[in-house]
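Protein chains get the first letters and strands the later ones, always in sequence-line order, with residue 1 at the start of each.
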There are 4 protein chains.
Amino acid sequence: MNQTRQPIRSGMGRSTPDQIFVRGHDLVQDVIGKLNLGDMAYLEMTGRLPDEHQSRVFNAILVTLVEHGMTPMAIATRLVYLGAPESLQSAVAAGLCGMGTTFAGTAEGAARMLQAGWADNSSEDADALARNIVADFRKRGLSIPGIGHNLHKPHDPRTARLFEVATEEGYAGRYVALMTAIGQHAQVAYGKPLPVNATGAIGALCCELGFSWKAARGVAVIGRAVGLVGHLVEEQANPIAREIWLRTEEEASRQDETAVDTGR
Amino acid sequence: MNQTRQPIRSGMGRSTPDQIFVRGHDLVQDVIGKLNLGDMAYLEMTGRLPDEHQSRVFNAILVTLVEHGMTPMAIATRLVYLGAPESLQSAVAAGLCGMGTTFAGTAEGAARMLQAGWADNSSEDADALARNIVADFRKRGLSIPGIGHNLHKPHDPRTARLFEVATEEGYAGRYVALMTAIGQHAQVAYGKPLPVNATGAIGALCCELGFSWKAARGVAVIGRAVGLVGHLVEEQANPIAREIWLRTEEEASRQDETAVDTGR
Amino acid sequence: MNQTRQPIRSGMGRSTPDQIFVRGHDLVQDVIGKLNLGDMAYLEMTGRLPDEHQSRVFNAILVTLVEHGMTPMAIATRLVYLGAPESLQSAVAAGLCGMGTTFAGTAEGAARMLQAGWADNSSEDADALARNIVADFRKRGLSIPGIGHNLHKPHDPRTARLFEVATEEGYAGRYVALMTAIGQHAQVAYGKPLPVNATGAIGALCCELGFSWKAARGVAVIGRAVGLVGHLVEEQANPIAREIWLRTEEEASRQDETAVDTGR
Amino acid sequence: MNQTRQPIRSGMGRSTPDQIFVRGHDLVQDVIGKLNLGDMAYLEMTGRLPDEHQSRVFNAILVTLVEHGMTPMAIATRLVYLGAPESLQSAVAAGLCGMGTTFAGTAEGAARMLQAGWADNSSEDADALARNIVADFRKRGLSIPGIGHNLHKPHDPRTARLFEVATEEGYAGRYVALMTAIGQHAQVAYGKPLPVNATGAIGALCCELGFSWKAARGVAVIGRAVGLVGHLVEEQANPIAREIWLRTEEEASRQDETAVDTGR
């Protein structure tokens with residue numbers, strides 16, 4: 001017998017023959033018919049029921065994350081579904097695997113930067129703090145998470161709306177202020193439009209709601225899982241994966257010299 | 001050039017520099033701050049905004065699916081996170097892969113059974129239809145999806161609540177009637193309590209909302225993705241995966257003869 | 001304490017400070033430098049070291065499964081790697097998820113058909129058995145696993161080679177005979193070339209080596225995992241995922257009327 | 001039409017009606033019956049057939065990676081299989097997702113350290129280089145990849161055997177020398193046994209064979225995929241996932257105060 005054995009405990013869910021508890025709340029009495037899915041996600045992640053303000057801000061974050069068009073993850077999900085239509089869940093899983101540093105790490109990175117910023121600094125001055133953060137990222141040659149966008153410039157329309165909702169609900173505090181200030185200082189430092197983008201806004205609002213930066217990627221996963229299921233429902237009605245596959249296979253295996261010579 | 005090339009089209013999402021559309025709806029104007037995550041899932045899957053009745057029924061389905069305690073999928077998600085904490089999304093993906101026929105196929109199976117039942121039959125009589133369905137499953141030696149539960153008997157408390165919400169919102173129609181009748185006939189045929197369980201109720205309500213049975217597993221995936229993220233947030237604060245691993249490894253590699261004699 | 005607790009035992013691997021055992025064999029003394037990867041897979045799956053005949057047949061199966069060009073799974077793997085280059089393992093995982101019924105289930109299906117054929121029938125006559133199997137599949141309207149190929153006709157060149165290797169090693173027994181006879185009867189019954197394809201040959205050889213049909217998909221997974229890693233190494237040197245994504249995204253979000261008119 | 005479009009090319013695989021080419025080699029003539037799976041992996045990853053020396057070293061690496069007993073990944077794979085036995089491939093995928101920084105990143109990390117070491121330094125002196133590398137890791141407070149082991153001390157028996165095979169085949173060059181020297185200097189610097197472990201040896205041998213450190217994780221994925229399939233074949237014959245699940249669920253949902261008080 002291992003003497004150092006630790007107990008295994010969890011407060012997520014528990015059942016008796018006639019009751020089910022989710023994080024201490026009675027599923028039948030307090031949840032079904034009363035909470036929406038965003039509120040339920042809040043309960044799962046925090047152990048607390050959101051008030052109406054938290055509910056509106058958190059649902060605003062979540063709905064923003066759902067749909068980003070034909071991303072690499074959405075295409076991968078559709079291709080995997082083509083191969084294994086009996087396992088819809090695995091097709092969603094395959095797409096989720098692609099939510100790494102390239103596309104999905106930035107909300108997490110923004111949240112981490114903001115939490116580190118306020119944690120390391122006793123100052124109440126978001127502007128000074130932002131200046132230091134921008135200078136530090138520049139010095140280390142790293143790109144600043146949560147600012148800049150290929151398409152949405154000079155402004156990301158989602159950011160203004162998310163911050164507006166947060167302001168209406170009393171959740172536009174020091175993290176929103178710091179993220180905004182970072183965008184402004186970056187714009188000056190780099191001499192080009194670097195708007196706070198949607199992932200920057202989401203990172204800031206996750207902080208305002210009290211989430212750890214480590215949980216921010218989980219929030220993104222929830223939103224994206226909804227979106228990938230949506231893509232599969234469209235794929236069921238209007239399949240495109242086979243065409244993407246066949247075109248790619250045909251072109252990839254071409255042997256004509258001109259193409260190889262010129263690189264087109 | 002391939003002459004039979006098909007166009008690749010999608011109506012999921014589309015962006016211009018200052019607008020983002022999700023299934024034709026303006027994200028900033030119509031979605032953020034207005035829809036909750038369940039409504040957004042409805043929009044993604046159907047292309048339509050839910051009315052307040054559809055919203056309440058669909059959110060009731062979704063929140064019921066989120067948390068089922070320490071399932072094999074939740075344990076797998078935690079173990080994978082232990083190995084790859086830098087890829088939270090892959091840990092959720094790993095758990096989702098386990099949503100197959102054993103646990104998660106039943107809502108889909110129930111929806112399929114109900115849709116086939118009403119499609120194959122011109123009768124308006126749910127009771128006669130249910131009798132035939134039960135007899136057919138018995139004859140083929142197959143278990144009927146959506147009825148019976150190990151723990152929740154004689155009644156699954158979630159079923160009554162889900163059907164209550166559906167009734168309040170005007171969505172307890174012929175699929176709810178058929179599912180209920182199937183439970184009653186099964187109970188008589190098998191001579192034991194076989195309550196309509198939560199997955200049977202969810203299958204019926206997916207039908208009432210107009211979803212194809214093929215989409216029902218997608219609804220389940222959305223709910224469970226939220227739950228698995230919840231488990232990872234608990235794992236971050238109160239890790240148990242390492243203990244599960246070490247205990248299992250220790251016991252699995254034991255070489256004592258008595259255990260080998262009796263164990264396999 | 002749960003009275004019905006079962007022991008947890010495994011014979012896969014075990015370590016002491018100076019020895020490692022894999023299925024009872026000393027890794028350092030008996031495996032490293034002596035076994036090739038195919039032999040090791042045989043040891044893992046059967047608990048026995050292959051003799052030279054089994055080694056050659058099993059390695060022939062495995063190498064045939066590795067590379068099938070730009071499949072949907074290979075494309076999905078590359079797209080997921082684009083999103084999460086820090087998690088190469090998850091990109092391989094994503095592609096493996098697509099090895100379902102559409103592409104990868106046929107070796108398993110062929111093995112199952114062949115094992116059921118000989119198990120259900122006391123006859124030693126592969127020809128009569130094959131006739132019955134073909135007739136039965138036709139009657140039920142099901143396609144016969146392991147025969148027919150879009151491109152490789154009238155013969156799949158891999159089949160002849162795999163059966164040649166099996167013959168040389170003394171492993172072309174009743175399963176190879178039955179698979180061959182099924183191909184011949186199917187050709188007559190359907191009046192078109194229906195050669196035994198590579199998956200049919202692999203299914204037959206898995207049976208000859210004594211694998212359960214349930215393990216056949218595992219053999220395919222091993223081969224394909226090697227292939228997907230190969231695709232990622234090419235993707236690292238010569239990336240194409242970004243181009244596939246951008247072209248698909250651009251075309252999918254086009255709004256021109258002609259395309260919409262004809263496309264859906 | 002996008003003017004900046006790049007061609008999509010791949011040299012992995014290509015087929016005609018009667019021939020299949022893998023990285024330019026004829027599958028039927030040159031591969032089936034001639035190459036073992038490790039050789040095939042080498043061909044896939046490098047585009048070249050290995051000579052007998054490369055074959056022995058690469059297969060030695062691969063077989064070492066296959067089986068590590070009841071790891072978190074092996075347990076996760078078994079649990080996912082319990083939930084989705086119809087999707088064996090997804091269960092393997094789930095386990096692979098756990099091959100991240102905690103367990104599997106070290107071979108990659110060792111290879112990267114060794115390649116950076118020789119790249120940054122014109123010296124031919126492995127000893128001086130090793131001293132600098134150890135000092136640099138200590139200064140930055142980072143653990144050195146590829147050295148130290150919980151169980152296998154003072155020596156990891158796999159390392160000696162892998163380096164022995166490499167020496168026999170003429171592949172124990174400057175990377176093996178550097179890895180060995182790093183182990184020695186670390187032992188002095190930290191004042192405790194820090195043997196080069198199996199992942200350090202594998203990282204060094206991947207470098208000797210000319211693999212980029214970016215490919216090293218792919219080599220590990222190949223080995224581990226074989227091992228996870230092995231675990232599922234054992235699970236089919238001797239299932240343990242259900243027991244792991246039930247024990248964990250039971251203990252996790254216990255509510256008794258004594259357990260919480262004492263931590264057992």
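- The candidate from Asp39(B), Val221(B), Leu65(B), Val165(B) with the greatest count of non-hydrogen atom pairs under 4.5 Å with chain A is Val221(B).
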Practice prompt. Could you walk me through whether His149(B) and Ser15(A) pass side-chain contact (heavy atoms from CB on, under 4.5 Å), step by step?
Written response: CA-CA 12 Å; His149(B) 200 281; Ser15(A) 294; over 6 Å; no
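- Distance check, rounded to the nearest 0.5 Å: CD of Glu108(A) to CD of Gln89(B) gives 8.5 Å.
- Heavy-atom minimum distance, Leu27(A) versus Val63(B): CD1-O, 4.1 Å.
- Per-residue heavy-atom pair counts under 4.5 Å with chain A were compared for Gly38(B), Ala60(B), Ser90(B), Gly33(B), and the maximum is reached by Gly33(B).
- Here the SG atom belonging to Cys97(A) is positioned 9.5 Å from the CG atom belonging to Leu96(B), to the nearest 0.5 angstrom.
- Among the candidates Arg247(A), Gln236(A), Lys214(A), the residue making the largest number of heavy-atom pairs closer than 4.5 Å to chain B is Arg247(A).
- Per-residue counts of heavy-atom pairs under 4.5 Å with chain A were compared for Val57(B), Asp156(B), Leu62(B); the largest is that of Leu62(B).
- Using a 4.5 Å cut-off between heavy atoms, Gln29(B) does not touch chain A at all.
- When atom types are taken as modelled, the side chain of Glu44(A) and the backbone of Val66(B) share no donor-acceptor pair closer than 3.5 angstrom.
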Practice prompt. Carefully, step by step, assess Ile244(B) and Ile8(A) under the rule side-chain contact (heavy atoms from CB on, under 4.5 Å).
Written response: CA-CA 8 Å; Ile244(B) 296 168; Ile8(A) 292 171; 3.6 Å; yes
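- Among the candidates Met40(A), Glu169(A), Glu67(A), the residue making the largest number of heavy-atom pairs closer than 4.5 Å to chain B is Glu67(A).
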Discussion item. side-chain contact (heavy atoms from CB on, under 4.5 Å) for Leu37(A) and Val226(B)? Distances and angles first, verdict last.
Written reply: CA-CA 9 Å; Leu37(A) 182 61; Val226(B) 175; 4.1 Å; yes
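- Counting only distance, with no hydrogens or angles, the side chain of Glu234(B) and the backbone of Gly11(A) share a donor-acceptor pair below 3.5 Å.
- Residue Arg14(B): no heavy atom, backbone or side chain, is found under 4.5 Å from chain A.
- Taking CD1 of Ile61(A) as the reference point, atom CD1 of Ile32(B) lies at 10.5 Å (rounded to 0.5 Å).
- Contact annotation for Met70(B): only side-chain heavy atoms (C-beta onward) come within less than 4.5 Å of a heavy atom of chain A.
- In this structure, chain A has a heavy atom under 4.5 Å from the backbone of His155(B), while its side chain stays farther away.
- Listed options Ala160(A), Ala93(A), Pro17(A) were ranked by heavy-atom pairs under 4.5 angstrom with chain B; first place goes to Pro17(A).
- The part of Glu86(B) that comes within reach of chain A is its backbone (N, CA, C, O), which places non-hydrogen atoms under 4.5 angstrom from that chain.
- From Arg242(A), atom CZ reaches atom CD of Gln6(B) across 11.0 Å, with rounding to the nearest 0.5 Å.
- In terms of heavy-atom pairs under 4.5 Å with chain A, the best-connected choice from Ile222(B), Leu151(B), Thr64(B) is Leu151(B).
- Atom CZ of Arg158(A) is separated from atom CD1 of Ile20(B) by 4.0 Å, given to the nearest 0.5 angstrom.
- Between Thr16(A) and His152(B) the shortest heavy-atom distance is O-CE1, 3.0 Å.
- Heavy atoms of Ser87(B) lying under 4.5 Å from chain A belong exclusively to its backbone.
- Looking only at heavy-atom pairs under 4.5 Å with chain A, the residue among His231(B), His68(B), Glu235(B) that has the most is His231(B).
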Practice prompt. Go through the steps for Val229(B) and Met45(A) under the test side-chain contact (heavy atoms from CB on, under 4.5 Å), then give the verdict.
Written response: CA-CA 7 Å; Val229(B) 170; Met45(A) 294 181 75; 3.9 Å; yes
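- Between the CZ atom in Arg217(A) and the CG atom in Leu232(B) there is a gap of 12.0 Å [rounded to 0.5 Å].
- Looking at Asp18(B), only its backbone comes within 4.5 Å of chain A, counting heavy atoms on both sides.
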